[in-house]
Amino acid sequence: MSDKKMDVVVLGAGIVGVSVAYAARQQGLSVVLVDRREPGSETSYGNAGILSSGSISPLNNPSLWSALPKYLTNRHAALRWNIGWSLRNADWVIRFLANAIPSHTKPRAAALHGLIGASLKLHQDWIVKAGAANRIRETGWLKAWRSDAVEAAMREQALLTEFGIESQLLDRQAISALEPNILPVYKVGLLHSQTASVDSPGSVVKAYANMFAGAGGEIRQSDIKSIVPGDEGWRVVLDDATLLARHVVVALGPWSADILRPLGYRVPLAFERGYHREFKPNPARSLQRPIHDADGSFLMTPMEQGIRVTSGVELTDRDAPSSFAQIDAVEPMAREVVEFGEQVGDTWRGARPTLPDSLPMIGPAPRHAGLWLAFGNQHIGFTTGPATGAAIAAMIKGMPPPFDVTAFAPSRYI
Ligand SMILES: Cc1cc2nc3c(=O)[nH]c(=O)nc-3n(C[C@H](O)[C@H](O)[C@H](O)COP(=O)(O)OP(=O)(O)OC[C@H]3O[C@@H](n4cnc5c(N)ncnc54)[C@H](O)[C@@H]3O)c2cc1C
């Protein structure tokens with residue numbers, strides 16, 4: 001056991017944990033960041049790399065009700081659900097659906113808008129300081145419909161406008177002008193013009209982790225076994241050592257609930273699993289920006305390695321065996337949009353950690369001093385990691401967070 005007591009031990013080195021660690025170090029705190037893998041190797045590696053200004057509408061919004069009949073068939077590319085998991089987690093499913101009503105949607109959109117806005121400012125600053133500015137593309141994000149979905153696009157645009165987020169409604173010709181290398185399959189488009197993306201989210205997280213180490217932080221590669229409260233702080237039990245800390249931050253993404261269970265916290269965390277496949281690009285047919293095929297329920301993003309196609313949501317146990325049905329179904333649809341070559345590497349699987357209101361937990365654990373929770377960032381964790389981290393660091397220091405964290409209080413569920 002190390003005798004040295006750290007101010008903060010951060011558990012998990014995904015985008016959220018790395019951000020907490022760097023922000024805490026910037027506050028002058030001594031910090032150790034622990035992960036069993038290299039920083040940015042799990043969920044924060046395999047996402048679509050979108051730094052989305054416009055993802056303010058949680059997935060469980062009122063439009064979910066009209067989509068539900070097609071989802072119940074369990075054949076739709078947007079959502080597959082495991083019956084056993086759904087029965088065992090009926091409580092989560094009911095609470096998730098109960099939030100999909102108008103009166104619960106606007107307040108959550110406002111809360112997410114605050115979190116996203118603060119986070120994008122930090123990304124802009126950090127990515128330059130971390131020497132990774134070459135990875136960012138300020139070309140927006142295109143949501144596109146094969147059907148004549150002008151009304152849906154306009155509804156989405158109206159919500160964005162309400163929050164001062166710019167977007168442009170596009171017809172077939174305008175889409176072709178914007179993305180000259182895709183085939184004309186889309187009738188309607190909505191360009192989220194204030195959205196950026198990166199060509200390797202895992203590398204960006206690693207660059208932020210290096211920036212943390214460069215600022216005097218310590219990174220440790222160990223398996224975290226448990227956290228034990230004491231009279232004056234915490235013992236963090238690793239497979240190869242025990243660390244002492246005044247504050248512990250749980251930023252373990254989809255693994256966060258496990259470590260909290262022995263302390264009596266039952267966190268209603270579900271796993272919206274998703275897959276990606278990468279393909280050799282055709283240099284003459286490159287994409288300029290990520291494209292969300294709204295009717296096909298998949299995303300295509302130009303990445304360092306090639307074109308990354310990501311799938312919709314699979315609701316099941318975090319560690320259940322992979323099912324490639326969704327990604328198999330969308331791959332031919334992606335080939336209808338842009339020409340690309342054979343698959344590069346294996347199919348990747350990750351799990352978006354999601355609470356029933358689709359808002360993360362950002363704040364103190366209700367019954368333990370010095371225990372902080374930073375997880376549940378669902379579909380937009382790569383976007384929202386930095387401000388999640390900055391808020392936790394500020395709260396540890398007893399300072400006001402950079403956005404209103406009221407809606408993210410862990411005490412709403414535990
Ligand atoms: C297909 C897909 C596409 C996505 N696209 C986007 C997007 O375009 N934009 C966006 O903003 N978000 C996107 N997301 C969401 C985003 O990827 C996640 O919200 C985010 O990565 C979560 O980060 P995290 O730090 O909470 O978790 P993670 O990145 O999973 O980090 C948790 C860390 O904890 C470590 N860990 C767990 N248990 C232990 C233990 N016992 N001991 C030691 N270490 C442990 C793991 O090794 C891991 O490194 C997408 C997600 C998916 C699945």
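Order of listing sets the numbers, starting from 1, for every ligand and every atom in it. Here, residue 1 is the first one in the sequence, and each next residue gets the next number. If you're wondering where the values come from, they're calculated on a predicted model, not measured in any experiment.
In terms of protein heavy-atom proximity, atom 49 (O) of ligand 1 is closest to Asp35 OD2, 2.5 Å. Given atom 6 (C) of ligand 1, the protein heavy atom at minimum distance is Asn47 CB, 3.4 Å. Protein heavy atom closest to atom 2 (C) of ligand 1, with residue, atom name and distance, is Arg352 NH2, 3.6 Å.
Taking the six-membered ring for Trp and the full ring otherwise, Trp126 and Tyr22 have centroids separated by under 6.0 Å. In this structure, His292 has its ring center at least 6.0 angstrom away from the ring center of Phe298.
At least one test fails for Arg308 against the ring of Phe279: distance under 6.0 Å to the centre or angle within 45° of the axis. The cationic group of Arg25 does not satisfy the cation-pi geometry with Phe212, failing either the under 6.0 Å distance to the six-membered ring centre or the 45° limit from the ring axis.
Neither the backbone nor the side chain of Lys225 has a heavy atom within less than 4.0 Å of ligand 1. Under 4.0 angstrom from ligand 1, the non-hydrogen atoms of Phe382 come from both its backbone and its side chain. Of the heavy atoms in Pro254, only side-chain atoms (C-beta onward) come closer than 4.0 Å to ligand 1. Contact annotation for His276 and ligand 1: no heavy atom of the residue comes within less than 4.0 Å of the ligand.
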Salt bridge (charged side-chain N to carboxylate O under 4.0 Å, His left out) between Arg335 and Glu331, intermediate numbers included:
CA-CA 6 Å; Arg335 289 186 186 278; Glu331 183 186 327; 3.3 Å; yes
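For ligand 1, the polar-atom distance check finds an N/O of Ile50 within less than 3.5 Å of one of the ligand's N/O atoms.
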